[in-house]
Amino acid sequence: MSLLEVKDLKVRVEEREILHGLSLTVNPGQVHAIMGPNGSGKSTLSHVIAGKPGYEVTGGQILFKGEDLLEMDPNERAAKGVFLAFQYPVEIPGVTTWNFLHAALNAQRKARGEDEISSPAFLKKVREVAKSLNIPQDMLKRGVNVGFSGGEKKRNEILQMALFEPAVCILDEMDSGLDIDALRIAADGVNALRSPERAMVVITHYQRLLNYIVPDVVHVMSKGRVVKSGGKELALELEESGYAQFEDAA
Amino acid sequence: MNVVAKTETGRALGDAFAVVRDRLPGKGKIADQRREAFEAYERLGLPHRRIEDWKYTDLRALMREVLPLAPAPDAAALARAAAAIKLRAIDGVRRLVLVDGAFAPDLSDLGNLDKGLSIRPLRDVLDAGDNALSVQAIATDVSNPMLALNGAMATDGVVIDIANGTVLTQPLHIVHVASGTAPASMFTRSLLRLGRDAGVTLVESYLAGEGAKAYQTHDGLIVAIGDNARLDHVRLVEDSIDAFNISSATVSLGAHAHFNTFGLTSGGHVSRYQLTVTCAGEGSKVETNGVNLINGKQHADTTLFMDHAVPHCASREIFRAVVDDRAHSVFQGRIIVRPDAQKTDAKMMTRALLLSDDAEADNKPELEIFADDVTCGHGATTGALDESLLFYMRARGLPEKEAQALLIQAFVGEAIETIASDALREVAIATAQRWLKARA
């Protein structure tokens with residue numbers, strides 16, 4: 001069974017249709033890249049998969065391990081194993097990263113009928129993951145993302161991804177605002193999480209990121225649809241010729 | 001029809017005062033003072049919305065009448081009070097308990113008083129004669145009807161004296177418990193005099209015993225902080241959900257004195273806390289902070305009057321209100337900087353979080369500045385929880401109410417953090433968490 005299946009998805013925001021019948025099938029172990037110009041609907045797709053309010057699904061469906069994802073609250077989707085790494089992770093003053101991650105992990109475990117994880121066990125786990133991502137301990141004591149640099153915020157997203165061990169990771173413009181060194185650290189973190197059971201959907205505007213996270217499948221989105229799919233060479237082709245050819249095709 | 005009802009209510013209380021007058025402690029000057037105060041109350045009546053200070057808290061509409069005086073607690077009432085106290089016990093404090101408006105020695109810790117600390121029931125002080133202390137203890141402001149009524153009717157309270165240079169490490173905790181099962185009023189008045197270079201932490205809390213519901217608490221606190229002395233004050237209102245709590249505190253600071261106060265209101269149907277702070281000595285410092293956590297049809301009003309009478313004083317206010325359902329939060333903060341009070345540094349920041357469309361928060365900051373070399377400012381915001389933060393947290397697996405709870409805790413945290421004592425900060429956090437848990 002495919003892990004994530006988007007079928008003929010139509011989405012509106014405030015009376016304007018953004019996605020006009022988008023389909024996508026992601027199997028375990030695969031890394032899919034979704035590329036496309038600004039306004040093609042890439043971020044809308046990621047938001048709808050994660051369950052962000054404000055989007056009206058007018059047609060089609062999203063299945064996750066065969067279950068109807070659109071029927072679930074965002075927190076249920078997270079507990080089932082859907083993870084969205086945000087393009088712009090929010091700052092939450094007054095809620096320490098440590099507390100937030102512990103509460104979130106336990107909420108997910110509770111939703112799955114698992115035992116809660118104790119503070120010492122959690123501490124150990126977070127420390128290990130933080131170390132591998134070069135995240136200093138004191139960052140965990142600060143408010144979530146408060147005062148973090150762009151690179152730190154993205155690393156914090158990957159930290160969460162590693163901690164929650166989701167089945168599908170949607171990475172929304174992970175490269176935005178990162179310099180080349182920060183990008184490499186973030187990409188290494190993502191690559192370390194690749195596994196035969198886990199799938200990733202990497203949304204990006206630029207081919208550059210795909211030098212670090214090498215995809216199995218590349219999709220080109222334009223005007224709310226997937227207009228072309230292919231192997232990783234499709235990304236290089238795009239880098240050469242640009243998106244203009246597809247804008248006409250759509 | 002209404003007019004008749006009010007007149008009847010007024011007459012009923014007037015008759016009640018005539019009846020209880022002889023039972024109230026204090027003769028001579030004290031009795032005269034009480035009569036004047038009661039006459040002032042009768043003249044003014046229950047405050048209503050056309051009086052500017054009471055614009056948002058119209059007691060004529062909300063409370064309608066002042067209930068008759070509660071009878072002294074019997075053994076059963078004291079037992080219910082003891083059970084309520086146990087549920088909210090704070091470790092390491094010296095507890096002083098008032099049940100249904102009467103000092104309860106058996107529930108209070110009066111043993112092994114520290115050197116320099118004196119604690120007496122107000123009734124004993126008033127019965128001892130009309131000396132300066134008793135006059136001060138029962139002092140009232142005849143322009144404020146509720147304060148006047150409190151002075152006229154106060155049956156008991158605690159009078160605490162802390163000698164010059166005495167710094168107490170053990171907090172004092174005045175617990176007000178309503179334990180009568182029939183609706184009635186309690187009138188209490190307490191006095192704290194803190195000597196020069198002295199220091200203490202005072203906790204006040206308001207609780208209900210089982211079966212105590214639609215009662216009225218009318219409490220007054222008078223505090224004099226001596227030169228270079230420090231008072232830390234934490235006030236927790238956890239009254240029954242049908243109760244009224246109309247209280248005031250009048251605080252004056254000597255030179256280089258420091259007053260840090262924090263109030264948390266989560267209980268009561270209607271509460272009004274009127275805090276008047278006067279910087280009477282140069283170089284004094286005041287921090288008044290508070291949190292309202294209210295829902296249902298609760299109404300909670302904190303009205304602050306910060307009086308900068310002398311130069312070189314600083315005051316800070318941080319106030320946070322979290323308002324759910326159809327509840328109504330009021331914060332009025334008036335800062336006056338008198339002509340001589342140069343180099344005053346006064347700042348006030350109030351924020352309200354509305355959790356429902358029907359919730360209401362009124363912030364009324366007022367600055368009256370008569371000196372020209374001062375730093376004064378205020379800010380007020382009202383808003384809902386940030387949807388983008390909520391979505392982020394939910395996308396990480398937190399159910400909506402849990403995500404809201406974390407954000408609300410962070411929102412009130414800034415005010416709670418101002419509590420100096422770690423242990424009392426934990427008590428305030430636990431109280432807030434109880435409220436959040438009840439909501440989930």
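None of the values given here were measured: they were computed from a predicted structure. Reckoned from all heavy atoms, side chains included, excluding hydrogens, waters and symmetry mates. Quick note on labels: first sequence line is chain A, next is B, and so on, each numbered from 1.
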B:Asp301 and B:His328: side chain donor to acceptor below 3.5 Å: no
Interchain contact, A:Glu91 with chain B, by part (heavy-atom threshold 4.5 Å): backbone
Nearest-0.5 Å distance, CZ of residue B:Phe259 to CD of residue B:Glu287: 10.0 Å
CD1-NE2 distance between A:Ile203 and A:His32, expressed to the nearest 0.5 angstrom: 12.5 Å
Donor-acceptor side-chain pairing of B:Glu204 and B:His233 below 3.5 angstrom: yes
Within-4.5 Å side-chain heavy-atom neighbours: B:Ile408 and B:Arg439: yes
Student check: side-chain heavy atoms of B:Val323 and B:Gln298 closer than 4.5 Å: no
Residues in residues 136-161 of chain A that sit under 4.5 Å from chain B, counting heavy atoms only: A:Val144, A:Asn145, A:Glu157, A:Gln160
Residues 422-432 of chain B: residues contacting chain A (heavy atom under 4.5 Å, by number): none
Option that, when pairs with chain A are counted at under 4.5 Å, heavy atom only, ranks first among B:Glu402, B:Arg394, B:Glu400, B:Met393: B:Arg394
Reported CD-to-CD1 distance for the pair B:Glu360 and B:Ile294, which is rounded to 0.5 angstrom: 10.0 Å
Under 3.5 Å side-chain donor-acceptor pair for A:Ser43 and A:Asp172: yes
Nearest heavy-atom neighbours spanning A:Lys42 and A:Ile34: CD-O, 3.9 Å
Distance (rounded to the nearest 0.5 Å) between B:Tyr56 OH and B:Thr303 OG1: 10.5 Å
Mutual orientation of the aromatic rings belonging to B:Tyr392 and A:Phe86 [parallel < 30°, tilted 30-60°, perpendicular > 60°]: perpendicular
Closest non-hydrogen atom pair between A:Ile18 and A:Gly41, with its separation: CG2-CA, 4.1 Å
Nearest heavy atoms of A:Leu133 and A:Gly189, plus distance in Å: CD2-CA, 3.7 Å
Within residues 375-389 of chain B, residues adjacent to chain A where the heavy-atom gap is under 4.5 Å: B:Ser388, B:Leu389
A:Val168 and A:Phe64, any side-chain heavy atoms less than 4.5 Å apart: yes
Chain B contact residues among residues 92-107 of chain A, heavy-atom distance under 4.5 Å: A:Ile92, A:Pro93, A:Gly94, A:Val95, A:Phe100, A:Ala103, A:Ala104, A:Ala107
Ring-face cation of B:Arg396 near A:Phe83 (centre distance under 6.0 Å, axis angle within 45°): yes
Atom CZ of B:Arg326: over 12 foreign heavy atoms under 6.0 Å: no
Side chains of B:Val251 and B:Leu253 in contact at under 4.5 Å (non-hydrogen atoms): yes
